[in-house]
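Below: the structure, in structure tokens.
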Amino acid sequence: PGLTLLNEIEGSGVPAEKGATVRYVCRVFLNRGEEVTPDSAVIDRAWEHLEITTIDNTEFVVHTARLGRRQPIAGIEKSLYGMRRGGYREVLVSPHLAYGESGVPGRIPRNALLRLQLWVEDVVAPD
């Protein structure tokens, strides 16, 4: 089906739409429950878009993306549309909206269904 919404808390302010810049925190889990922890090599390669923050001994990936530019994976981008500052969504993402048949060697298996937790820190409307 693509995306399945599991849980949602509505935020406030302007909704994220195409062209908006969204700063969000993301945790990624495999369908069986194992967390896909941040990979410092990936963070280093994408430094302008990603950072890691630690809260209560848990690492979170903080990402800033402009919607409509395919910066995050499709499942994340589609999940962010309509979210507002302070909002939260937990979604299941089908493989074709994530890493598909290639997966991420050593981290995410081929054709993996992912469970994402997304918290929006800020939404800046498009100019």
Side-chain angles (χ1 to χ4, degrees):
L3 294 176
T4 302
L5 181 64
L6 301 174
N7 194 359
E8 180 174 43
I9 298 171
E10 186 153 348
S12 60
V14 298
E17 60 183 19
K18 186 174 183 178
T21 300
V22 181
R23 181 176 169 85
Y24 63 95
V25 177
C26 180
R27 288 181 80 185
V28 179
F29 298 86
L30 300 177
N31 192 41
R32 297 181 305 266
E34 307 93 307
E35 184 169 8
V36 179
T37 56
D39 179 344
S40 60
V42 171
I43 302 300
D44 289 345
R45 284 193 303 270
W47 64 270
E48 71 276 8
H49 298 294
L50 302 174
E51 64 184 76
I52 294 177
T53 188
T54 303
I55 301 170
D56 294 331
N57 295 320
T58 301
E59 287 186 330
F60 296 90
V61 174
V62 181
H63 188 191
T64 300
R66 179 163 285 182
L67 298 184
R69 292 194 176 173
R70 296 182 179 204
Q71 290 174 341
I73 61 171
I76 290 176
E77 184 167 26
K78 288 178 181 293
S79 297
L80 289 171
Y81 277 100
M83 291 187 73
R84 301 167 190 266
R85 178 182 300 146
Y88 167 81
R89 282 186 182 159
E90 183 174 4
V91 295
L92 285 180
V93 178
S94 294
H96 73 282
L97 294 177
Y99 297 97
E101 290 188 17
S102 60
V104 177
R107 304 194 56 77
I108 298 174
R110 298 175 52 176
N111 297 312
L113 179 68
L114 300 179
R115 182 172 52 90
L116 306 175
Q117 294 177 334
L118 301 164
W119 295 266
V120 171
E121 291 187 341
D122 196 22
V123 176
V124 178
D127 298 331

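In this chain, residues are counted from 1 in sequence order.
- Side-chain contact between Leu114 and Leu30: present, with at least one pair of heavy atoms (C-beta onward) separated by less than 4.5 Å.
- One distance of note links NZ of Lys78 with CD1 of Ile73; it measures 12.0 Å at 0.5 Å rounding.
- Under a hydrophobic-cluster definition in which Ile, Leu, Val, Met, Phe, Trp and Tyr are linked whenever side-chain heavy atoms come within less than 4.5 Å, directly or via other members, Val124 and Leu67 are assigned to different clusters.
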Exercise. Using the side-chain contact (heavy atoms from CB on, under 4.5 Å) rule, take Val93 and Leu3 through it: C-alpha gap first, then chi angles, then the decisive distance, then the call.
Key: CA-CA 5 Å; Val93 178; Leu3 294 176; 3.6 Å; yes
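- Residues Val120 and Arg23 are not in side-chain contact: their nearest non-hydrogen atoms beyond the backbone lie 4.5 Å or more apart.
- Considering OH of Tyr24 and OG1 of Thr64, their distance stands at 8.5 Å, rounded to 0.5 Å.
- Looking at heavy atoms from C-beta onward, Leu5 lies in side-chain contact with Arg89 at the 4.5 angstrom threshold.
- No chain of hydrophobic side-chain contacts below 4.5 Å, direct or via other Ile, Leu, Val, Met, Phe, Trp or Tyr residues, connects Leu97 to Leu92.
- Leu118 approaches Ser79 most closely through the heavy-atom pair CD1-CB, 3.5 Å.
- Within 6.0 Å of CD in Glu34 there are more than 12 heavy atoms belonging to other residues, nucleotides or ligands.
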Practice problem: Walk me through it: do Glu101 and Asn111 pass the test side-chain contact (heavy atoms from CB on, under 4.5 Å)? | Solution: CA-CA 5 Å; Glu101 290 188 17; Asn111 297 312; 3.4 Å; yes
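- To the nearest 0.5 Å, the span separating CG on Leu116 from CG on Leu6 amounts to 9.5 Å.
- A pairwise comparison of heavy atoms in Ile76 and Cys26 identifies CD1-SG, 4.1 Å as the closest pair.
- We find the OG1-CZ distance between Thr21 and Arg66 to be 4.0 Å, quoted to the nearest 0.5 Å.
- Contact annotation: the side chain of Met83 never approaches that of Val22 to less than 4.5 Å [non-hydrogen atoms, C-beta and beyond].
- The closest side-chain heavy-atom distance from His63 to Pro72 is below 4.5 Å.
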Determine all donor-acceptor pairs shorter than 3.5 Å in which one atom belongs to a side chain in residues 11-20; sequence neighbours excluded.
none

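- You'll find the side chain of Glu77 stays beyond 4.5 Å of the side chain of Gln71, heavy atoms only.
- Here the shortest heavy-atom pairing between Pro105 and Ser102 reads CD-O, 4.5 Å.
- Leu113 contributes atom CG, which lies 11.0 Å from atom NE2 of His96 (distance to the nearest 0.5 angstrom).
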